[in-house]
Number of protein chains: 2
Amino acid sequence: MPSYTAPVQDIQFVLHDVLRAHEQDVPGYDEMDRDFTTAVLEEAGKISSEVLAPLNPVGDREGCTLENGVVRTPTGFKAAYDQMREGGWLALDSDPEYGGQGMPYLLGSAVGEMFVSANMAFNMYQGLSHGAASAIHAHGSEQQKRTYLPKMIEGSWSGTMNLTEPQCGTDLGLIRTKAEPQDDGTYRISGQKIWISAGEHDLTDNIVHLVLAKIPGGPDGTKGISLFIVPKFMVNEDGSLGDRNQVVCGGLEEKMGIHGNATCVMHYDGAIGYLVGEEHKGMRAMFTMMNEARIGVGLQGYAQGEVAYQNALAFAKDRLQGRDVTGVQNPDGPADPIIVHPDVRRNLLHQKSFTEGARALAFWGASLIDRSHRSGDAEAEALVSLLTPVIKGFLTDKGFETAVLAQQTLGGSGFTREWGLEQFVRDARITMIYEGTNGIQSLDLVGRKLGQNGGKTVMAFFEMVKSFIKEHEGDETLKAGYLDPLKAASKDLQAAGMYFMQNGAKNPNAALSGSYDFMHLFGHAALGLMWSRMAVAATKMLADGEGDPEFLKAKIETGRYYMARQLPATKMHLARIESGADPVMTLDEAAF
Amino acid sequence: MPSYTAPVQDIQFVLHDVLRAHEQDVPGYDEMDRDFTTAVLEEAGKISSEVLAPLNPVGDREGCTLENGVVRTPTGFKAAYDQMREGGWLALDSDPEYGGQGMPYLLGSAVGEMFVSANMAFNMYQGLSHGAASAIHAHGSEQQKRTYLPKMIEGSWSGTMNLTEPQCGTDLGLIRTKAEPQDDGTYRISGQKIWISAGEHDLTDNIVHLVLAKIPGGPDGTKGISLFIVPKFMVNEDGSLGDRNQVVCGGLEEKMGIHGNATCVMHYDGAIGYLVGEEHKGMRAMFTMMNEARIGVGLQGYAQGEVAYQNALAFAKDRLQGRDVTGVQNPDGPADPIIVHPDVRRNLLHQKSFTEGARALAFWGASLIDRSHRSGDAEAEALVSLLTPVIKGFLTDKGFETAVLAQQTLGGSGFTREWGLEQFVRDARITMIYEGTNGIQSLDLVGRKLGQNGGKTVMAFFEMVKSFIKEHEGDETLKAGYLDPLKAASKDLQAAGMYFMQNGAKNPNAALSGSYDFMHLFGHAALGLMWSRMAVAATKMLADGEGDPEFLKAKIETGRYYMARQLPATKMHLARIESGADPVMTLDEAAF
């Protein structure tokens with residue numbers, strides 16, 4: 001059975017030594033000193049290793065069951081959920097006004113990484129509920145907030161997001177679910193929603209569905225979509241639960257992974273719904289939560305890579321097979337541990353250098369969200385908006401790739417259920433698809449985010465990279481191992497952006513044909529920046545005699561691998577982009 | 001449910017228009033005219049689509065069951081197996097002296113691609129049996145051949161390969177299974193073998209196990225390994241079946257995919273075994289079949305990509321979502337089919353350009369095997385020996401990637417069981433692992449094959465590319481779209497080889513740290529060559545007014561995508577290789 005150990009030292013390094021969170025001028029960050037975060041992270045790590053991780057294969061094997069409209073989660077999920085709830089883990093970064101602990105989203109993300117590594121399917125129950133609560137918090141009326149948020153934040157109720165229908169996933173303009181206005185100000189919701197994660201389950205007393213639907217007579221397409229609260233059980237004035245609403249789970253999806261999470265077909269049959277915000281403004285309400293939700297999925301991607309890597313590493317140190325070509329390393333054993341072999345090390349370093357870089361990028365994104373929400377910093381909001389599709393798309397593509405590489409480290413054992421690696425691969429796979437497929441992320445990046453604020457935000461990113469390089473290139477070692485490759489990657493990214501500018505106006509397909517490669521190019525450049533920031537921090541600490549020197553030297557070496565062996569991908573992506581639309585667009589549809 | 005249509009026109013194009021098989025001076029090839037192969041391929045395509053493909057999800061869902069030592073295959077497998085046997089499909093390219101039809105391995109591969117695309121788990125039963133029969137054919141005594149081959153080739157008996165044990169996979173020198181010599185010339189085999197595909201099942205009357213074991217007192221390591229025939233049921237002098245031998249299936253492995261194939265733990269408890277070939281020469285016997293087996297796995301890799309692509313394409317033409325940014329394409333529908341979107345086309349072309357290139361490479365490899373076996377051509381043997389790790393490693397890595405991309409085309413539907421794409425991903429995953437992990441393939445390529453014949457073989461490959469380019473570069477269109485990128489890729493490959501030569505002697509890790517990237521670099525260069533050969537053939541046919549012009553133009557366009565969008569990967573692989581051993585080898589084991 002696989003195991004999980006929370007990488008507390010790595011997380012602390014990013015929080016305190018790289019992002020220097022406790023020194024940042026963001027309300028609430030002053031409380032995040034090293035002792036406090038150590039206590040929180042170690043406690044979260046403990047529950048992750050001891051409670052959540054052992055349930056991960058259980059959830060995979062048992063899956064969820066539906067009988068007479070009742071969904072049962074796998075053995076142990078309810079007890080673990082209650083333990084999480086009672087420990088206050090579900091309310092960590094929620095608004096204290098509604099019972100939350102008010103911690104920064106950054107710390108919530110750090111803890112979230114652990115929960116996801118330990119048991120992604122389980123963590124989705126609380127993760128989606130958190131998203132639904134955020135939507136109500138941002139767009140609900142005062143009464144709606146008072147009615148739903150305390151229970152949702154505390155965890156005795158959960159929430160869902162209902163967007164997809166059989167005929168529409170990406171293209172929400174095609175939604176058919178109807179919301180008929182009633183005289184009492186409520187609406188009657190009718191329609192079918194599919195792929196609703198945690199749409200029905202036995203973990204909470206009530207489920208608060210957020211549903212996108214169309215009010216008859218409204219505008220066509222996405223401009224006519226409204227957002228509704230549809231509780232599973234009606235809520236009485238005193239907060240107690242009333243009648244069952246007309247919403248039922250009609251089926252569970254059989255799927256490749258995340259078996260422990262119930263993916264439901266939901267039937268709304270004249271269910272009572274309450275409008276959230278204004279009529280026809282539902283898409284806007286969804287979009288304001290999108291950054292947070294998508295960064296959360298990016299985190300899921302690398303978090304699956306992280307736990308897969310941990311188990312691959314343990315195997316590589318333990319498995320004896322073959323001898324080091326440069327000399328026997330384990331003379332008392334029948335063979336050397338496979339970690340001596342260069343190709344096994346290459347594989348492990350590919351995994352390790354990705355997940356550690358990805359963590360830094362995801363946490364940077366989370367800190368920008370705090371800066372935007374807590375300090376009202378518009379530049380931070382613009383920057384995180386630009387980075388969001390990169391964090392979602394790149395970190396999930398590479399997180400899945402990392403899980404596949406980790407599985408490969410185990411050879412045949414990686415293909416068996418027993419070792420658990422194959423579950424990480426299957427679970428990680430969904431992160432490339434949901435919350436907008438990675439293709440959609442790349443369209444969002446190239447079609448929307450690149451041009452936002454007249455291109456000022458992306459220029460600010462380039463400027464940030466440039467001044468960072470300038471500030472540190474006096475250090476010859478940093479320059480050769482980090483800053484020169486970073487400069488080259490950033491140059492490739494700028495060249496790609498230039499190609500889109502010069503060709504996209506007269507032929508949008510010239511830009512759109514390169515969007516996916518651009519997302520990856522950006523991802524590599526961003527991880528190159530994060531690794532350079534980590535190397536600068538580690539170098540300085542070593543010079544100042546601070547921190548754990550072995551840990552810091554390992555960081556510098558791991559980053560060197562990333563810069564030397566992963567960053568060269570930028571040239572490939574640029575070449576693909578610069579080949580333009582022709583290779584992609586010329587073939588007739590009939591000739592495929 | 002997914003479907004499969006045999007790509008007969010594509011296969012014929014490679015066989016006849018690119019490889020020009022019927023014109024090749026190889027015994028048996030003269031019979032392979034276009035009418036004959038059309039008849040065979042269409043018939044094989046029919047059974048693939050109608051019989052094997054519908055059983056693929058059945059096998060995945062039901063898996064195999066073990067009860068009291070008896071393994072039951074999924075519903076319908078036995079009937080399909082009998083149909084295949086009676087149709088003569090199992091004996092296609094086997095020796096007529098033992099009941100085979102004596103067709104070339106090339107044609108066997110073409111038919112095999114279809115069977116694998118339709119149902120990989122099912123096809124493994126006959127595929128492994130074919131390999132075992134080949135081993136007996138190459139190394140068995142006349143009596144062994146007469147006893148086992150007719151039944152195995154006809155398909156009423158099957159065969160297995162027993163290599164792996166719990167403590168040894170790659171490193172077969174660690175084998176513990178013992179073979180005690182008996183006075184009657186037989187051996188008593190005792191030990192445990194794991195991951196034995198088709199080790200026990202209900203499809204055939206007898207199972208002929210080929211087992212690697214050590215005769216006590218023999219040399220240590222791989223030099224002391226011998227190969228034995230261990231039949232499940234003893235065979236009487238008259239060919240009838242006698243007593244059960246002391247070999248039983250002790251368990252079935254639960255695994256990520258290929259559920260329809262029984263992966264067995266085999267217990268040998270003093271089972272009677274017959275030596276194949278000489279004592280202690282078992283490894284040699286295994287190795288002589290390796291090329292064929294590994295090319296077969298490479299074929300599995302792209303064949304899974306092919307069927308996944310077919311289903312992704314059908315979805316992309318059918319699914320309506322969003323509008324073409326350059327103008328509405330489907331005004332009568334609520335949205336355009338997603339194939340209009342550049343990023344969906346990019347994804348589909350990535351899949352298509354890989355599988356079609358891969359087919360050409362695999363068939364070229366198969367034709368070299370025929371040339372080596374049937375004509376005794378030593379150069380062909382050396383060349384296919386060089387290409388084998390590339391075909392196995394590159395085509396399976398990219399075949400899996402292709403299945404993942406195809407799954408992505410379907411968005412959320414790709415993650416559900418219902419659409420079947422996720423099965424192709426899970427099934428394809430094993431091809432990167434078995435018959436030697438792809439890491440091992442890369443070691444074989446760089447550590448063994450590159451230097452074979454003093455490097456003459458790889459030089460001959462470069463020379464072949466060079467003279468091909470020279471021969472055709474008068475055509476400006478071919479030059480720009482194909483030959484220039486091919487030249488660049490070949491140059492990158494040579495530069496990588498040069499790097500290994502200059503650095504590998506004083507530090508083997510400098511070469512071994514780059515072996516995996518070299519395998520991919522070689523794969524891209526080889527597919528670049530195959531696409532160029534296909535483009536040359538299609539261009540000539542168009543000029544000569546031969547063939548189906550729409551088909552030929554689509555080939556040229558698809559290849560252009562490969563050259564423009566996939567070949568640029570060679571620069572990335574070269575950069576990684578040239579970064580040398582340091583980034584891979586410096587980090588201490590304890591610091592991982």
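Letters A, B, ... mirror the listed sequences (proteins, then strands); counts begin at 1. As the structure is a computational prediction, the values presented were derived from the model and not from experiment.
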- Taking atom types as modelled and ignoring hydrogens, do the side chains of B/Arg429 and A/Gln408 form a donor-acceptor contact shorter than 3.5 angstrom? yes
- Message: For A/Leu320, which atoms come within 4.5 Å of any heavy atom of chain B: side chain, backbone, both, or neither?
- Response: backbone
- Check each atom of A/Leu313 against the heavy atoms of chain B and say whether the ones under 4.5 Å are side chain, backbone, both or neither. side chain
- Side chain from CB out, backbone as N, CA, C, O: work out which of these in A/Ser353 comes under 4.5 Å of a heavy atom of chain B, or both, or neither. neither
- Message: Quick check on A/Thr170 against chain B: is it the side chain, the backbone, both or neither that has a heavy atom closer than 4.5 Å?
- Response: both
- Task: Tell me, for B/Ile339 versus chain A, whether the close heavy atoms (under 4.5 Å) come from the side chain, the backbone, both or neither.
- Result: side chain
- Task: Tell me, out of B/Arg61, B/Met563, B/Gln423, who's got the most heavy-atom pairs with chain A below 4.5 Å.
- Result: B/Arg61
- Query: Donor-acceptor pair, B/Gln321 side chain versus A/Gln167 backbone, under 3.5 Å?
  - Reply: yes
- Message: Please tell me whether B/Arg576 and A/Gln566 have a donor and an acceptor in their side chains that are separated by less than 3.5 angstrom.
- Response: no
- Message: At a 4.5 Å cut-off on heavy atoms, which part of A/Leu587 comes close to chain B: side chain, backbone, both, or neither?
- Response: both
- Highest number of heavy-atom pairs under 4.5 Å with chain A: which of B/Ile430, B/Thr437, B/Thr586, B/Ile440? B/Ile430
- Among B/Lys555, B/Glu254, B/Arg345, which residue forms the greatest number of heavy-atom pairs with chain A at distances under 4.5 Å? B/Arg345
- Pairs of heavy atoms under 4.5 Å with chain B: top-ranked of A/Tyr516, A/Tyr309, A/Tyr561: A/Tyr516
- Message: Among B/Glu253, B/Arg560, B/Lys571, B/Glu589, which residue has the highest count of heavy-atom pairs closer than 4.5 Å to chain A?
- Response: B/Glu589
- Message: Would you compute the distance between atom NE2 of B/His341 and atom CG of A/Asn509 and round it to the nearest 0.5 angstrom?
- Response: 11.0 Å
- If you count heavy-atom pairs under 4.5 Å between each of A/His573, A/Arg426, A/Glu418 and chain B, which one has the most? A/Arg426
- Query: In terms of heavy-atom pairs under 4.5 Å with chain A, which of B/Tyr562, B/Trp419, B/Phe400, B/Tyr434 leads?
  - Reply: B/Phe400
- How long is the gap from CZ on A/Arg565 to CG on B/Asp582, to the nearest 0.5 Å? 10.0 Å
